[in-house]
Colleague: 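This is the structure, below, for whatever I ask next.
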2 protein chains.
Amino acid sequence: MHHPEQGESEARERVIAVARQLFSEHGYQAVTLRDIGQALGIRHTSLYHHFPQGKEELFVEVTARRMGVYRQGLEAAIQQAGSDWRDCLHAAALWLLDQPAMHLGRMLQADMSQISAEAAMKLKEIIFASLLQPLNAVLRVALADNPEKLQRSLTIAGMFYSLIEGIDNLPASYVKGTKQELVEVVLDVFINGLK
Amino acid sequence: MHHPEQGESEARERVIAVARQLFSEHGYQAVTLRDIGQALGIRHTSLYHHFPQGKEELFVEVTARRMGVYRQGLEAAIQQAGSDWRDCLHAAALWLLDQPAMHLGRMLQADMSQISAEAAMKLKEIIFASLLQPLNAVLRVALADNPEKLQRSLTIAGMFYSLIEGIDNLPASYVKGTKQELVEVVLDVFINGLK
DNA sequence: GTCTATATGTTGATAGAC
DNA sequence: GTCTATCAACATATAGAC
């Protein structure tokens, strides 16, 4: 038996699950409250019972949870990969590509502009903490004997995500091969450079 | 004297200039025809005189032209940089960062989903041709003695843009230093890898 | 927790005068 | 080329019944 406490009724959890799927796939502006209600089989006005402040409140909650999933998944994948940082990068990359597309570019460049400045700031903090920190731990090992790059490890962690994200953006008409093959190419350049 | 031909009256050019600025900064959905009209000092309905098919037609025209500017600018920057491919990559990166933000992630992940499939396909072709091909010429030189990577040069060109784009996405609170310093870090890793 | 009814605003688009 | 007038569609949101 589970006594639901504040803000975690079952109906509310269903709302969050559906909203997460829709928001993460199509973005903040493209998903309407009617879309979410329809996917749940209820009227969109009923959503205000669970999220009195409306669409933005729902989006913030959903996105913060999504980032928690990323953080946990990344940490688990990295820890399971062992002690070789190359294996860790590999595991993180493959885990990310196994998830539904993150759409980091859209989130940072579109969604964050369409919500209030306060909500955007809060979410950006969560997004970067969730993604950068797990990878930073790996990179601190990888860059241990390179003090110059070591102090830029967060920047380099950001590069990692830009590269993984970019794999989904490249059109199949321009690049041949599966995503897994592309991961090999991308990580090869990331680790070894162009030569 | 200049006899304006089909589709290049002065008023039409003014519309395109304003729409380009607004669309490239805020994206397709966030910019309304009223916004564009207001910036021009005219009513939004007057825009239909120049673009009878409405917002999408205007966006396609504007985006296609923007990509032409990128292609020309990149080719000029690369050619001016000389024969060392490292200098060429540097010049291309600095030229891109000197431009207004490209918002490639938003374009590919949000804007392209909000227009018709035909328009999206046409624009994607133009985008990738304009960006990938100038850089591919540089990379074919850089990778000349590495046949494995050479056949992946278009993928690697895509990586270059993901990395440059990512510089604008990293929040100042997480990374210290100017954009120019970040370019150095990013290109160092791109060229030499992590070690 | 969900409903109906409704308020209120915004959007892209068309028709036709000047 | 630009205007006015107008439209249908859709958005978020509120109030109150069940």
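Order of the sequence lines fixes the chain letters, A, B, ..., with proteins taken first and strands second; residue numbering starts at 1 for each chain.
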Colleague: Starting at atom CD of A/Gln38, determine the distance to atom P of C/dT2, rounded to an integer number of angstrom.
Modeller: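 Rounding to the nearest Å, CD of A/Gln38 and P of C/dT2 are 16 Å apart.
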Colleague: Could you tell me the separation between the CZ atom of B/Arg43 and the C1' atom of C/dA15, rounded to a whole number of Å?
Modeller: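 Spelled out: CZ on B/Arg43 to C1' on C/dA15 is 17 Å.
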Colleague: Hey, are B/Arg152 and A/Glu184 close enough for a salt bridge, meaning a charged N less than 4.0 Å from a carboxylate O?
Modeller: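 Salt bridge flag = no for A/Glu184 with B/Arg152.
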Colleague: Just by distance, with hydrogens left out, do B/Glu75 and B/Gln133 show a side-chain donor and acceptor under 3.5 Å apart?
Modeller: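 There is no such pair between these side chains.
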Colleague: Tell me the interatomic distance from A/His26, atom NE2, to D/dA11, atom P, rounded to whole angstroms.
Modeller: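 Checked: the NE2 to P distance equals 14 Å.
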Colleague: To the nearest 0.5 Å, how far apart are CE in B/Met159 and CG in A/Leu163?
Modeller: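 The CG atom of A/Leu163 is 4.5 Å from CE of B/Met159, to the nearest 0.5 Å.
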Colleague: Tell me whether B/Gln38 at atom CD has more than 12 heavy atoms from other residues, nucleotides or ligands lying less than 6.0 Å away.
Modeller: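 12 or below, so no.
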Colleague: Taking only side-chain nitrogens and oxygens of A/Ser46, does any of them come within less than 4.0 Å of OP1 or OP2 of C/dG1?
Modeller: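 Checking C/dG1 against A/Ser46, no side-chain N or O comes under 4.0 Å of OP1 or OP2.
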Colleague: In whole Å, I'd like the distance from the CG atom of A/Leu40 to the P atom of C/dG1.
Modeller: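 It works out to 13 Å between those atoms.
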Colleague: Taking N or O atoms only and anything under 3.5 Å, show me the protein contacts with nucleotides 13-17 of chain D, one pair per line.
Modeller:
unit_1: D/dA13; atom_1: OP2; unit_2: A/Tyr48; atom_2: OH; d: 2.9
unit_1: D/dA13; atom_1: OP2; unit_2: A/Lys55; atom_2: N; d: 3.1
unit_1: D/dA13; atom_1: O5'; unit_2: A/Tyr48; atom_2: OH; d: 3.2

Colleague: How many Å lie between CD1 on B/Ile42 and P on D/dC3, as a whole number?
Modeller: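 One finds 6 Å between P of D/dC3 and CD1 of B/Ile42, rounded.
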Colleague: Give a yes/no on whether any side-chain N or O of B/His49 is located under 4.0 angstrom from OP1 or OP2 of D/dC3.
Modeller: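 Negative; the distance criterion is not met.
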Colleague: In terms of the angle between their ring planes, are B/Tyr28 and B/Phe23 parallel, tilted or perpendicular, with boundaries placed at 30° and 60°?
Modeller: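 The rings of B/Tyr28 and B/Phe23 lie parallel, inter-plane angle below 30°.
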Colleague: What is the separation between atom CG on B/Leu58 and atom P on C/dA13, rounded to the nearest whole Å?
Modeller: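 One finds 10 Å between P of C/dA13 and CG of B/Leu58, rounded.
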Colleague: For B/Glu56 and B/Ser116, which I'm curious about, is there any donor-acceptor pair between the side chains at under 3.5 Å?
Modeller: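 Side chains of B/Glu56 and B/Ser116: pair found under 3.5 Å.
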Colleague: Can you sort out the partners of A/Arg106 under salt bridge (charged side-chain N to carboxylate O under 4.0 Å, His left out), two or more places apart, ordered by chain and number?
Modeller: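 A/Asp111.
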Colleague: Which residues in residues 106-123 of chain B have at least one heavy atom lying under 4.0 Å from any atom of DNA chain C?
Modeller: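 Correct list: empty, so none.
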Colleague: Measuring from B/Arg71:CZ to B/Leu135:CG, what's the distance to the nearest 0.5 Å?
Modeller: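 Between atom CZ of B/Arg71 and atom CG of B/Leu135 there are 12.0 Å.
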Colleague: In whole angstrom, give the distance that lies between atom CZ of A/Arg14 and atom P of C/dG1.
Modeller: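 The distance from CZ of A/Arg14 to P of C/dG1 comes to 9 Å, rounded to the nearest Å.
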Colleague: Rounded to whole angstroms, how far apart are CZ on B/Phe59 and C1' on C/dA13?
Modeller: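 One finds 19 Å between C1' of C/dA13 and CZ of B/Phe59, rounded.
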Colleague: With a sphere of 6.0 Å drawn around CD of B/Gln79, does it hold more than 12 non-hydrogen atoms of other residues, nucleotides or ligands?
Modeller: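 Not more than 12 within 6.0 Å, no.
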